[in-house]
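As a basis for the values below, the full set of heavy atoms in this structure was taken, side chains included, without hydrogen atoms, waters or symmetry mates. Everything numeric here is computed off the predicted structure, so don't read it as measured data.
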There are 2 protein chains.
Amino acid sequence: MRVVHSPRHALHDGGMELHRGELVPCFEMPARADFILQAVRQAGLEVSEPQAFGLESLWGVHDAGFVEFLRTAHAQWRAIGKQGFMLPSGFPARGMRRDHLPSGINGQMGYYAFDAGTPIVQGTWDAAFAAAQCALTAAAWVAEGERSAYALCRPPGHHAGHSTYGGYCFLNNAALAAQHLRERGCARVAVLDVDYHHGNGTQDIFWERADVLVVSLHGTPETEYPYFLGYADERGAGAGEGFTHNFPLPRGTTWAQYSAALDSALDAVARFGPDALVVSLGVDTYVGDPISAFALEREHFPLMGRRLAQLRLPTVFVQEGGYAVEDLGLNVAGVLEGFDAGR
Amino acid sequence: MRVVHSPRHALHDGGMELHRGELVPCFEMPARADFILQAVRQAGLEVSEPQAFGLESLWGVHDAGFVEFLRTAHAQWRAIGKQGFMLPSGFPARGMRRDHLPSGINGQMGYYAFDAGTPIVQGTWDAAFAAAQCALTAAAWVAEGERSAYALCRPPGHHAGHSTYGGYCFLNNAALAAQHLRERGCARVAVLDVDYHHGNGTQDIFWERADVLVVSLHGTPETEYPYFLGYADERGAGAGEGFTHNFPLPRGTTWAQYSAALDSALDAVARFGPDALVVSLGVDTYVGDPISAFALEREHFPLMGRRLAQLRLPTVFVQEGGYAVEDLGLNVAGVLEGFDAGR
Ligand SMILES: [Zn+2]
Ligand SMILES: [Zn+2]
């Protein structure tokens with residue numbers, strides 16, 4: 001399996017997040033990609049840099065005004081004399097209007113964001129855009145005949161919606177890969193999200209579409225981030241009704257419980273009959289993850305890869321979360337090796 | 001003019017807020033009330049402690065589930081082994097559901113809050129409930145025949161909605177005073193909010209009611225907190241249509257500009273023909289305020305008080321914001337003395 005990765009991910013660094021009442025360095029840190037890169041190289045996988053896709057490659061998934069905000073936000077921040085990382089301080093939550101974009105940068109941050117844990121720094125746009133290009137490159141390889149590819153994206157993407165960011169995510173890499181496959185001849189594409197957290201952004205983007213199935217297994221939003229999306233009763237709307245499936249699972253979920261839900265998720269994908277699969281590959285389901293609460297052990301990740309391979313679909317893996325930094329690479333490589341062995 | 005104040009305000013202390021990317025001690029601090037208390041005593045005003053009103057006195061203004069959340073939130077926090085102040089980390093903002101209250105405490109915080117700047121500490125509920133009792137006591141005095149009264153409330157209240165908190169506010173003291181006046185024989189009550197920030201909570205609470213007029217002068221939400229409410233096109237809905245008036249003003253607004261808008265606001269109050277007036281008295285319009293951007297000088301606050309007196313209405317003053325701590329007391333006392341001199 002070929003791997004695509006950009007060193008530009010490291011430009012997204014130095015932000016802090018509000019976590020359980022403390023302002024701490026982001027769990028989503030550059031070292032994550034370094035450990036993954038080391039592990040996939042040790043596994044013998046070939047790593048390439050991404051092809052260049054233009055800004056317009058984002059517009060099938062994201063609102064153009066939102067993209068322009070992300071592209072220019074930190075420059076606007078510096079232009080008013082501020083420096084360092086940007087975090088929003090007020091949100092269009094319950095009781096507030098959602099229909100008006102304020103003109104000031106603080107209000108605009110709150111308008112587009114849904115948490116206070118996703119800082120924008122000077123290099124965020126360059127890193128997020130490079131990650132998007134990695135996902136698009138992997139999708140292009142698969143569209144051109146590769147049976148599978150892995151986009152080592154950082155920052156991750158699955159929380160980013162049509163015009164929203166949060167959960168360490170700015171551009172939705174997996175959604176971009178799915179959309180690219182759609183535009184390159186795949187009539188139906190399935191996105192399977194195995195990150196610990198609900199892929200609320202991916203769900204948002206394809207909510208009313210019947211051509212992209214979105215299936216997510218995740219910690220229940222009753223207790224887990226992002227709290228306000230990812231419940232089992234969310235099934236899509238309009239033309240997309242029935243094309244979203246959520247499998248919320250309780251804290252402490254073991255491999256036995258997880259793999260049963262995974263079977264149901266894979267059944268839903270198989271019934272959809274897609275031409276290609278995008279896997280939002282977060283490994284924060286690992287028992288050692290510092291911000292998550294499932295109980296998957298290292299040996300379960302190759303088993304997960306084997307199950308995914310049994311769908312026998314052209315498959316794009318897109319990196320999402322995973323914050324047990326030193327074990328991260330081995331867990332990711334475990335999924336990819338299991339997939340290669342299982343097909 | 002009689003003053004009501006509770007020393008229990010000091011129990012709300014020790015929280016931090018996310019402000020311009022930094023976690024800093026809250027600008028809304030106990031010393032604020034101390035400086036105001038000193039100034040009103042020096043002005044010769046008599047200060048009393050509040051009467052006791054039960055929990056049910058809140059239910060005309062706030063959702064009972066929201067009140068129960070506020071009352072028990074920090075105990076729930078401690079019960080899961082956490083300590084210190086509570087700040088939410090994810091919100092039901094754009095793209096998210098607002099119809100489901102998560103069962104976990106982190107999700108519940110985000111459900112009820114709209115910013116990451118309003119920490120709950122162990123003493124928050126006791127302080128907020130005491131502030132509510134101050135406002136209710138001042139309203140009771142006026143209902144019983146006093147021509148005016150001042151509730152030295154802390155924490156403030158005007159950002160707190162029917163079931164939302166934020167902007168340093170938990171229970172809406174001014175709305176509670178207005179509702180109390182309604183229940184004690186005033187057929188129509190006007191709330192005039194002169195705090196620098198839009199009184200979004202008060203507007204939310206009375207949005208569909210024709211018996212309580214809500215008029216707010218404030219820094220435009222285009223650039224100022226709370227960003228997502230307080231625009232001029234918000235006029236109320238249903239039976240309340242036409243009973244909300246907003247006067248958003250630009251950064252740098254001087255007394256000349258402010259007093260012209262104040263005249264329009266007072267005209268709106270006079271046209272409504274209320275039986276009583278509640279003034280949400282924030283003095284963060286002061287040029288020296290550290291988080292605001294109007295240019296009112298000390299000598300303008302007595303002038304404001306005189307204008308308010310010209311409405312010739314039974315009036316309850318309720319303390320809201322003001323963060324230039326050492327000047328705060330004199331500015332508040334200036335409004336009250338101007339009011340007393342002007343009637
Ligand atoms: Zn995750
Ligand atoms: Zn204020």
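- Between Phe228(B) and His100(A), a ring centre-to-centre spacing not shorter than 6.0 Å is recorded.
- Closest approach of Pro221(A) to Pro102(B), counting heavy atoms only: O-CB, 3.9 Å.
- Of the residues considered (Glu234(B), Arg97(B), Lys82(B)), Arg97(B) shows the highest number of contacts with chain A, using heavy-atom pairs under 4.5 Å.
- For Ser163(A), the parts lying near chain B are the backbone and the side chain together; criterion is any non-hydrogen pair under 4.5 Å.
- Only the side chain of Asn200(A) comes within contact range of chain B, with at least one heavy atom under 4.5 Å from a heavy atom of that chain.
- Nearest heavy-atom pair, Ala113(A) versus Ala93(B), reported as atom, atom and distance to 0.1 Å: O-CB, 3.7 Å.
- Considering only heavy-atom pairs separated by less than 4.5 Å from chain A, the leading option among Arg98(B), Glu17(B), Gln108(B) is Arg98(B).
- For Phe91(A), the parts sitting under 4.5 Å from any heavy atom of chain B are the backbone and the side chain alike.
- No part of Ile105(A) comes within reach of chain B, as not one of its non-hydrogen atoms sits under 4.5 angstrom from that chain.
- Ranked by non-hydrogen atom pairs under 4.5 Å with chain B, the options Thr223(A), Asn106(A), Thr220(A) are led by Asn106(A).
- The candidate with the highest count of non-hydrogen atom pairs below 4.5 Å against chain B, out of Ser103(A), Pro88(A), Gly90(A), is Ser103(A).
- Summarising the geometry, atom CG belonging to Asp233(B) is positioned 7.5 Å from atom CG belonging to Asp99(A); distances are rounded to the nearest 0.5 Å.
- Between Ala116(A) and Ala116(B) the shortest heavy-atom distance is CB-CB, 3.9 Å.
- Of the residues considered (Gly107(A), Gly15(A), Gly104(A)), Gly107(A) shows the highest number of contacts with chain B, using heavy-atom pairs under 4.5 Å.
- Within 6.0 Å of CD in Gln257(B) there are more than 12 heavy atoms belonging to other residues, nucleotides or ligands.
- Looking at every heavy atom in both residues, Ser89(B) comes nearest to Tyr225(A) through O-CE1, 3.9 Å.
- With a threshold of 4.5 angstrom between heavy atoms, Pro92(A) approaches chain B through its backbone and through its side chain.
- Put simply, the side chain of Met96(A) reaches to within 4.5 Å of the side chain of Pro226(B), judged on heavy atoms.
- The pair Asp204(B)-Arg94(A) does not meet the salt-bridge criterion, since no charged nitrogen lies less than 4.0 angstrom from a carboxylate oxygen.
- Taken from CG in Leu18(B) to CE in Met16(A), the straight-line distance is 10.0 Å, to the nearest 0.5 Å.
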